[in-house]
Amino acid sequence: MHEKRSDVAIVGGGVMGLMTAYYLAGEGAAVTVLEKGRLPAGSSYGNAGLIVPSHLQPLCSPGNVREGLRHLLNPTGPFSIHLSPNLRRWAWLAGFVRNSTAAHVNYAAGVYRELAERSLALHDELARKAGSVYEYAREGLLCLYETRQALEAAAREAEELTRAGRPARILDERAVREMVPAAAPSVIGGVLQEPDGKLQPAAFVSWLADQVRRAGGHILEETEVFGASFAGKAVRRLQTTKGPVEADQVVLAAGAWTGRVAAMLGRPLPVEAAKGFSITYDRPSGAPSLPLLLEEARVAVTPFADSLRLAGVLELAGLDDRLSSARIHAMERDLRRSLPGLGSLKVREVWRGFRPCTPDGLPFIGRLRRPQNVWVATGHATKGIFLGPVTGELTARLLSGSPPDSALLKALHPNR
């Protein structure tokens, strides 16, 4: 095995790592992406593929804390927390609860708003280049409700979004039936988030990888980082299962594993894994024409050209990759209850993956204090596919020495 040399080594071949490599390679940097699996993989593979400028709340919120406590003993609840003797997870949970205030939610939503506006523009730009390769479309996202209380709260939020320039249309039961004939009588209304959309995540990641290679970047699959050597306060060489990789700068974009990799380099990060699930079916005859959110069940239903994906649920359970048949059956039961008119469903794939989460609900984007040549791009929870482009562009700008607004950097800094 021969030593490889790059300007930038990126640990992680998901959407964050590949978007960073895309923008860096476009500027002429010599980039090597190190992916421990095969592409496309990880949480960038089996998610719902939603583009959601309408959903700007952080994961930590008073409502999610209440939901987590309510489902503490329910193994099939939409948001569950697994307690364990792991002190690091207890510290993370304490920070999560501490940040779950209305004031912090408003602050974090403002940060996400700035990221969302830029990422939406970048997504549009990328899609113009890619054509129809990964089924990008912004025809709206329809949120469906089965309780009057939830619908009225959503209607108030829709009015606020519309005033903020993100049109959201409130639909009554009849209008929902016209758009989604498969909906159950229990669905009493909905909100159409008009700027939102979707893409096919596996195809998107594969397209990005191809673009990185075409720009001269290297992607080493099945290449796991297990150590490093240092020169002073900087990493000079990463030890991998395919041999050493030397680089001037290192970017950690390993998703839920970023905390572990950072600890290996001497700087642990509070990144907790939240397990999510998806079930992909052959496209049924009654598939909706646009993506849906079944709000009470907290699951998304995304139609693709030849398939339909049911995705959702958050389990704060560490890197436990076990599949629960009860969990999968509960998701399918919710789907059938809300959309009984879908027709017969043939399962193509059942998937689970880990979303990287931070205790304050905001991603980590920036340089560590030590090692001084290590950068981080992770912690986007459920917003990864949507915010991948702006994260990659922002990280590339930081590495090239042209940082954006300092207030945004402060909010996202991994040493905050």
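Only this structure's heavy atoms are used, side chains among them; waters, hydrogens and symmetry mates stay out. Worth saying up front: this structure is predicted, and the values here are computed from it rather than measured. Counting begins at 1 with the first residue of the sequence.
Taking all atoms of both residues into account, the shortest heavy-atom contact from Val191 to Ala158 is CG1-CB, 3.8 Å. In this structure, Phe226 and Thr241 approach most closely via the heavy-atom pair CE2-N, 3.7 Å. Residues Tyr281 and Leu345 share a closest heavy-atom pair of CD2-CB, 3.7 Å. The two residues Val261 and Ala254 make their nearest non-hydrogen contact at CG2-CB, 4.4 Å.
Using modelled atom types, no side-chain atom of Lys198 and backbone atom of Phe304 make a donor-acceptor pair closer than 3.5 Å. Formation of a donor-acceptor pair under 3.5 Å by the Glu296 side chain with backbone atoms of Thr147 is found in this model. A donor-acceptor pair under 3.5 Å links the side-chain atoms of Ser278 to the main chain of Gly46, judged by distance alone. Of the possible polar contacts, one joining the Thr358 side chain to the Gly361 backbone as a donor-acceptor pair under 3.5 Å is found. Checking side-chain atoms of Lys275 against main-chain N and O of Asp320 turns up a donor-acceptor pair under 3.5 Å. The backbone N or O of Leu387 sits less than 3.5 Å from a side-chain atom of Thr391, completing a donor-acceptor pair. Arg118 contributes no side-chain N or O that, together with a main-chain N or O of Glu114, makes up a donor-acceptor pair within less than 3.5 Å. A donor-acceptor pair is defined here as one N or O able to donate and one able to accept, closer than 3.5 Å; such a pair exists between the side chain of Ser100 and the backbone of Ser61. Distance alone, capped at 3.5 Å, places no donor-acceptor pair between the His123 side chain and the Gly388 backbone. A donor-acceptor pair under 3.5 Å is absent between the side-chain atoms of Arg309 and the main chain of Thr280, judged by distance alone.
Heavy-atom contacts from other residues, nucleotides or ligands closer than 6.0 Å to CD of Glu221 number more than 12. A 6.0 Å sphere centred on CZ of Arg267 holds more than 12 heavy atoms belonging to other residues, nucleotides or ligands. At most 12 heavy atoms of other shown residues, nucleotides or ligands fall within 6.0 angstrom of atom NE2 in His218. Residue Glu139 qualifies as open at atom CD: its count of foreign heavy atoms under 6.0 Å is 12 or below. More than 12 heavy atoms of other shown residues, nucleotides or ligands fall within 6.0 angstrom of atom CD in Glu178. For OH of Tyr45, the number of neighbouring non-hydrogen atoms (other residues, nucleotides, ligands) closer than 6.0 Å is 12 at most.
Results of the side-chain contact (heavy atoms from CB on, under 4.5 Å) test with Gln249 over Asp7, Val8, Val31, Leu24 single out Val8 as the only residue that passes. Screening Leu339, Val301, Val187 for a side-chain contact (heavy atoms from CB on, under 4.5 Å) involving Val180 leaves a single residue, Leu339.
With values rounded to the nearest 0.5 angstrom, Glu160 atom CD is found 10.0 Å from Thr162 atom OG1. Rounded to the nearest 0.5 angstrom, Arg322 CZ and Arg352 CZ are separated by 11.0 Å. Here Leu394 contributes atom CG and Leu115 contributes atom CG; the two are 7.5 Å apart, rounded to the nearest 0.5 Å. To the nearest 0.5 Å, atoms CD1 (Ile219) and CZ (Arg38) are separated by 11.0 Å. Between atom CG of residue Leu151 and atom CZ of residue Arg156 there is a gap of 10.0 Å, rounded to the nearest 0.5 Å. Distance check, rounded to the nearest 0.5 Å: CG of Asp196 to CG of Leu290 gives 10.0 Å.
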request  = Please assess Arg336 against Arg333 for the test side-chain contact (heavy atoms from CB on, under 4.5 Å), listing each intermediate value before the final yes or no.
outcome  = CA-CA 5 Å; Arg336 279 299 192 187; Arg333 186 172 60 246; 5.9 Å; no
request  = Quick one: do Leu368 and Leu265 satisfy side-chain contact (heavy atoms from CB on, under 4.5 Å)? Show the steps, please.
outcome  = CA-CA 11 Å; Leu368 297 178; Leu265 303 182; over 6 Å; no
key: Working for side-chain contact (heavy atoms from CB on, under 4.5 Å), residues Trp257 and Lys36   = CA-CA 11 Å; Trp257 284 267; Lys36 69 183 183 68; 4.0 Å; yes
query = Step by step, would you call Trp92 with Leu316 a side-chain contact (heavy atoms from CB on, under 4.5 Å)?
reply = CA-CA 11 Å; Trp92 188 96; Leu316 286 169; 3.9 Å; yes
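Arg397 and Glu393 are not joined by a salt bridge, as no carboxylate oxygen comes within less than 4.0 angstrom of a charged side-chain nitrogen. Ion pairing between Arg327 and Glu315 holds under the 4.0 Å rule for side-chain N and carboxylate O. The existence of a salt bridge linking Arg166 and Glu117 is confirmed by a sub-4.0 Å separation between a basic side-chain nitrogen and an acidic carboxylate oxygen. For Arg138 and Asp124, the salt-bridge test passes: some basic side-chain N is under 4.0 Å from an acidic carboxylate O. No salt bridge links Arg213 with Asp210; every basic N to acidic carboxylate O contact stays at or beyond 4.0 Å. Between Arg174 and Asp172 there is no salt bridge, since no side-chain N of the basic residue sits under 4.0 Å from a carboxylate O of the acidic one.
Two residues are said to be in side-chain contact when any heavy atoms from C-beta on lie closer than 4.5 Å; Val350 and Phe277 fail this criterion. The closest side-chain heavy-atom distance from Arg260 to Leu319 is below 4.5 Å. Between Leu335 and Val299, every side-chain heavy-atom pair lies at or beyond the 4.5 Å cut-off. Put simply, the side chain of Thr382 does not reach to within 4.5 Å of the side chain of Leu50, judged on heavy atoms. Between Asn373 and Asp248 the shortest side-chain heavy-atom distance does not fall below 4.5 Å. When side chains are defined from C-beta on, Val52 does not count as touching Leu293, because their heavy atoms never get closer than 4.5 Å. No side-chain heavy atom of Thr240 sits under 4.5 Å from any side-chain heavy atom of Leu220. The side-chain heavy atoms of Cys357 and Val271, taken from C-beta on, include no pair separated by under 4.5 Å.
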